[in-house]
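I have placed the structure first, in the form of structure tokens, so that the comments after it can refer back to it.
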Amino acid sequence: MHRTYSMRASRAPTASQIQNPPPPPSSTKSGRFFGRGGLGHALRRNAAGAFGPDLAKKLSQLVKMEKNVMRSLEMVAKERMEVAQQLSIWGEACDEDVSDVTDKLGVLLYEIGELEDQYVDRYDQYRVTMKSIRNIEASVQPSRDRKQKITDQIAQLKYKEPNSPRIVVLEQELVRAEAESLVAEAQLSNITREKIKAAYTYQFDALREHCEKVAIIAGFGKHLLELIDDTPVTPGETRAAYDGYEASKAIIQDCEDSLTSWITSNAAVSAKLSTRARTLSTRRRNNIKARSEGGHDLSGQDAPLNDRDSWVQAGQHKEEYDDEEEEDDIDAPSHLGSDTGLNGENRGRNQEPVVA
């Protein structure tokens, strides 16, 4: 009896992976100190907004919440693979048609679990890009604080010592601080727009590919179900011998071919705008294009600042946030971070040779 356990024995790159190379494994797959949910999720979410510059606290909390989402997705992928193995194990003791079809269904369900695991890796691209916005926000905070501090000092002096010569000095410092703050705020505005478009493009592209491939597997799974003879039999009657082994094998192979050759341009589902939405969106894009063509000269916008006290680069905040990331990734091994990886697991049955 022929058994097919892997839809991709050689694991050659698919057309989609060639067109869009996969990212490195998700950063959430390393060992962790806290559990996979509950307490660990709550601690990460609540602690994220308690530290760091005020400007970056809200986005820090979002980034931590997305880490919770990713770890939940990892758990779903792992448990779906275990379900696929168990379905294959249970079906082995059934009649031949049920045994063969459940084995092949297990292969498809296992493949969905692997697709979910790949989706987590691509989802991490989105999360890491959002973290870069958070780091920029953190670097802008010192310039805001400095400007506010000078403003408060001027107000205090005007109240206590209206004729103090230090007021003039502070007002000059305030002018410089405001100029530097304008540069920092412009950089933050530009980078935020660039990064948020990139981040959600990663997420929506990954989600689209994942959903399209799951839909493909679901379609071939229904073809497999047609191989089961569900005609009622009377007591003592024997069912006809099962002759669908080659058919089930061919269905699995067709499913593999469809998944391997899938690329974004072949997506079956497309988002079609109404005439009104398309007109309004086109008008908005044309307005943006017109403003950019007649825009301002920003060539000197990213020039380094001379006053290091009023501007802190994002990289200088890295250690602070790296420590925050590491607090929930300490030492404890994860079933998703083992050396064997998800693709190296036994799928529930030992392979049997084809009986001639």
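Of the inter-residue distances, the one linking L59 atom CG with K64 atom NZ reads 12.5 Å to the nearest 0.5 angstrom. Rounding to the nearest 0.5 Å gives a distance of 9.0 Å between CG of N163 and CD of E161. S60 OG to E137 CD: the interatomic distance, rounded to the nearest 0.5 Å, is 8.0 Å. L105 CG to K222 NZ: the interatomic distance, rounded to the nearest 0.5 Å, is 12.5 Å. Between the CZ atom in R80 and the OH atom in Y110 there is a gap of 13.0 Å [rounded to 0.5 Å]. Taking NZ from K131 and CD1 from I133, the interatomic distance works out to 13.0 Å, rounded to the nearest 0.5 Å.
With N190 contributing its side chain and A186 its backbone, the two residues share a donor-acceptor pair below 3.5 Å. A donor-acceptor pair under 3.5 Å links the side-chain atoms of S248 to the main chain of Y245, judged by distance alone. With hydrogens and angles disregarded, no donor-acceptor distance shorter than 3.5 Å links the side chain of E74 to the backbone of D117. Side chain of E114 to main chain of E111: no donor-acceptor pair is present (N/O by atom type, distance under 3.5 Å, no hydrogens or angles). Proximity of a side-chain donor or acceptor of R122 to a complementary backbone N or O of Q203 within less than 3.5 Å is not detected. Not a single donor-acceptor pair under 3.5 Å links the side chain of D95 to the backbone N or O of D97. Although no hydrogens or angles enter the test, the distance criterion places no donor-acceptor pair under 3.5 Å between the side chain of S281 and the main chain of R278. Looking only at distances, a side-chain donor or acceptor of R208 sits under 3.5 Å from a matching main-chain atom of V269. With S88 contributing its side chain and Q85 its backbone, the two residues share no donor-acceptor pair below 3.5 Å.
The closest side-chain heavy-atom distance from E116 to L73 is not below 4.5 Å. Side chains of Y202 and V128 form no contact here, defined as non-hydrogen atoms less than 4.5 Å apart. By the 4.5 Å heavy-atom criterion applied to side chains, V69 and M65 are not counted as neighbours. The side-chain heavy atoms of K272 and S270, taken from C-beta on, include a pair separated by under 4.5 Å. Within the 4.5 Å cutoff, the side chain of I217 has no heavy atoms near those of the L109 side chain. Using a 4.5 Å cut-off on side-chain heavy atoms (C-beta onward), M75 and E79 make contact. Side-chain contact check for I251 versus K104: every heavy-atom pair is 4.5 Å or farther apart. Residues D205 and T264 fail the side-chain proximity criterion, which asks for heavy atoms closer than 4.5 Å.
Under the 4.0 Å criterion applied to side-chain N and carboxylate O atoms, R144 and E180 are not assigned as salt-bridge partners. Using a cutoff of 4.0 Å between basic side-chain nitrogens and carboxylate oxygens, E96 and R239 are not scored as salt-bridged.
Considering every non-hydrogen atom in both R127 and V63, the closest pair reads NE-O, 3.3 Å. For the pair G113 and A77, the tightest heavy-atom approach, listed with the atom from each and the gap, is O-CB, 3.5 Å. When all heavy atoms are compared, the tightest approach of A177 to I150 is CB-CD1, 4.0 Å. Between I216 and S258, the shortest heavy-atom distance links the atoms CG2-CB, 3.8 Å. Nearest heavy-atom pair, L227 versus G244, reported as atom, atom and distance to 0.1 Å: CD1-O, 4.1 Å.
Paired with Q148 under the rule side chain to side chain donor-acceptor pair (under 3.5 Å), one option of D152, D145, T151 passes, and it is D152.
With hydrophobic clusters built from ILVMFWY side chains whose heavy atoms lie under 4.5 angstrom apart, V169 does not share a cluster with Y159. At a threshold of 4.5 Å between side-chain heavy atoms, the hydrophobic network of Ile, Leu, Val, Met, Phe, Trp and Tyr places V214 and L108 in one connected group. Under a hydrophobic clustering in which Ile, Leu, Val, Met, Phe, Trp and Tyr are joined whenever their side-chain heavy atoms come within less than 4.5 Å, directly or via other members, V233 and V98 fall into different clusters. A continuous path of Ile, Leu, Val, Met, Phe, Trp and Tyr side chains, each step under 4.5 Å between heavy atoms, connects Y126 with I196, placing both in one hydrophobic cluster. Taking hydrophobic clusters as Ile, Leu, Val, Met, Phe, Trp and Tyr residues chained together by side-chain heavy-atom distances below 4.5 Å, L188 shares a cluster with I191.
In this model, a donor atom of one side chain and an acceptor atom of the other lie less than 3.5 Å apart for D100 and Y242. For the residue pair Q156/Q153, the side-chain donor-acceptor check at 3.5 Å is not satisfied. Residues S189 and R193 have side chains that bring a donor and an acceptor to within less than 3.5 angstrom of each other. When only modelled atom types and interatomic distance are considered, E209 and Y119 share no side-chain donor-acceptor pair under 3.5 Å.
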**Request:** Give the intermediate values and the outcome of side chain to side chain contact (heavy atoms under 4.5 Å, CB included) for residues Y200 and M130.
**Result:** CA-CA 9 Å; Y200 279 94; M130 293 299 290; 4.1 Å; yes
**Request:** Evaluate the side chain to side chain contact (heavy atoms under 4.5 Å, CB included) criterion for residues T192 and I136: first the C-alpha distance (whole Å), next the side-chain angles of each, then the deciding distance (0.1 Å), finally the verdict.
**Result:** CA-CA 8 Å; T192 297; I136 294 295; 5.7 Å; no
**Message:** One pair to check against side chain to side chain donor-acceptor pair (under 3.5 Å): S181 and E178. What are the steps and the verdict?
**Reply:** CA-CA 5 Å; S181 180; E178 286 177 341; over 6 Å; no
**Audit row: Q253, E256, side chain to side chain donor-acceptor pair (under 3.5 Å) steps and yes/no** = CA-CA 5 Å; Q253 186 62 51; E256 177 186 6; 3.2 Å; yes
**Residue pair R71, K67: steps toward the side chain to side chain contact (heavy atoms under 4.5 Å, CB included) verdict** = CA-CA 6 Å; R71 287 185 167 167; K67 174 174 278 192; 4.2 Å; yes
